[in-house]
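Presented below is the structure to which this report refers.
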Amino acid sequence: MKSGNFQKLFSYENMISGKESAASNYAAGFYGVGKQLSSKVMDQLARLAEDCNSLQGIVVFRSISGGTGSGMGSRIITY
């Protein structure tokens, strides 16, 4: 995303990433990476929401199959 064909599709300043293995583990996403990055994600969402003139809502896409993405998504939803 940062260096490929789609690098201009998303703003680099809005990307939040962390270093994580491909363990595909719900607990790693919820308690590990999710715990570390959830405050950064919520701060970024608040900043983006404040920049809007008429915010209608926020859409959250998350994995539901039980991997690291679903753990991180659950952490953000229950923040």
Side-chain angles (χ1 to χ4, degrees):
M1 295 298 294
K2 293 180 181 179
S3 63
N5 294 333
F6 301 109
Q7 68 184 7
K8 294 183 181 178
L9 187 60
F10 298 103
S11 175
Y12 183 77
E13 65 184 24
N14 294 336
M15 291 186 193
I16 299 172
S17 61
K19 187 174 182 180
E20 179 65 24
S21 67
S24 187
N25 186 345
Y26 179 89
F30 192 83
Y31 297 108
V33 175
K35 191 173 184 179
Q36 295 169 0
L37 295 179
S38 60
S39 61
K40 286 183 182 180
V41 171
M42 297 308 287
D43 290 343
Q44 182 69 13
L45 282 174
R47 188 181 68 76
L48 291 171
E50 289 173 359
D51 290 343
C52 292
N53 291 331
S54 179
L55 180 66
Q56 298 294 319
I58 296 173
V59 178
V60 177
F61 292 95
R62 72 179 190 100
S63 172
I64 58 171
S65 62
T68 309
S70 62
M72 176 69 177
S74 296
R75 169 69 78 166
I76 298 302
I77 289 172
T78 60
Y79 189 79

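If you read the sequence from its start, that first residue is 1, and numbering goes on from there.
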Closest contact, heavy atoms only, Ser70 versus Tyr26: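 Distance-wise, the nearest heavy atoms are OG-CD1, 3.4 Å.
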
Hey, what do you get for [atom1] ([X]) to [atom2] ([Y]), rounding to the nearest 0.5 Å?
X: Met15; Y: Gln7; atom1: CE; atom2: CD; result: 9.0 Å
X: Arg75; Y: Ser39; atom1: CZ; atom2: OG; result: 10.0 Å
X: Phe30; Y: Asn25; atom1: CZ; atom2: CG; result: 13.0 Å
X: Asp43; Y: Leu37; atom1: CG; atom2: CG; result: 11.5 Å
X: Ile77; Y: Ser38; atom1: CD1; atom2: OG; result: 13.0 Å
X: Leu45; Y: Ile76; atom1: CG; atom2: CD1; result: 7.5 Å

Side chains of Asn14 and Arg47 in contact at under 4.5 Å (non-hydrogen atoms):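 Heavy-atom side-chain distance check passes, below 4.5 Å.
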
Flag side-chain contact, heavy atom, 4.5 Å: Val41 against Met72: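 Contact flag for Val41/Met72 side chains = yes.
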
Step-by-step side-chain contact (heavy atoms from CB on, under 4.5 Å) determination, Leu55 to Glu50: CA-CA 9 Å; Leu55 180 66; Glu50 289 173 359; over 6 Å; no

Exceeds 12 heavy-atom contacts within 6.0 angstrom, atom CG of Asp51: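 Enclosed.
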
Path from Phe10 to Phe6 over hydrophobic side-chain contacts below 4.5 Å: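 Phe10 and Phe6: one cluster.
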
Val33-Met42 co-clustered via ILVMFWY side chain contacts under 4.5 Å: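 Yes: a chain of side-chain contacts under 4.5 Å links Val33 to Met42.
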
